[in-house]
Amino acid sequence: MTDDFQQRVAAALANPQHMGELPQADAVGTVGNADCGDMLRVWVKFKEEGGRKVIDRASFQSFGCETAIAAASLAMELIKGKTAEEALQMRGEEFAKDLGPLPPTKVHCTSLVEGAHREALAPAAAQPPVA
Ligand code: FES
């Protein structure tokens, strides 16, 4: 791994955001990776805003590597204010773009973040829009 990448991950980990269970969450998603054994859980709380149901808060808990934690921390901030449908358009590499190019061995870490957020948001996206 490059020093630049490690420095960006360390910076994200120095002040991780949105860690821990979100009480009274509207949705929860959990995904594990059988190859590395890591796991990530995401909680999402929605609110009404301008006639849209948007993500008010999101948090995560990780039993995984530093890259997954750093990417999850960034992802929780990026999905705030989006509808479930909008957030579902986002991919793991977008969540981790502030970390710079990922070493090939770390690409799956952002897939873990994407998978957990999909697991949480897909049921909400399937619901009819708020009247
Ligand atoms: Fe498996 Fe990072 S090493 S999630």
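One-based numbering, in listed order, for ligands and for the atoms of each.
Between K80 and E77 a salt bridge is recorded (basic side-chain N to carboxylate O distance below 4.0 Å). Remark: K45 does not engage D56 in a salt bridge, criterion side-chain N to carboxylate O under 4.0 Å.
Scanning all protein heavy atoms for the shortest distance to atom 4 (S) of ligand 1 gives D38 OD2, 3.1 Å.
For ligand 1 and C65, the ligand atoms under 4.0 Å from any heavy atom of the residue are 2 (Fe), 3 (S), 4 (S).
Atom-to-atom distance recorded for L22:CG and R41:CZ is 13.0 Å, nearest 0.5 angstrom.
Under the 3.5 Å distance criterion, with hydrogens and angles disregarded, no donor-acceptor pair is assigned to the side chains of D4 and Q6.
When heavy-atom distances to ligand 1 are checked against a 4.0 Å cut-off, C36 comes that close only through its side chain, counted from C-beta outward.
For atom 2 (Fe) of ligand 1, the N/O/S atoms of H108 include none lying under 2.8 Å.
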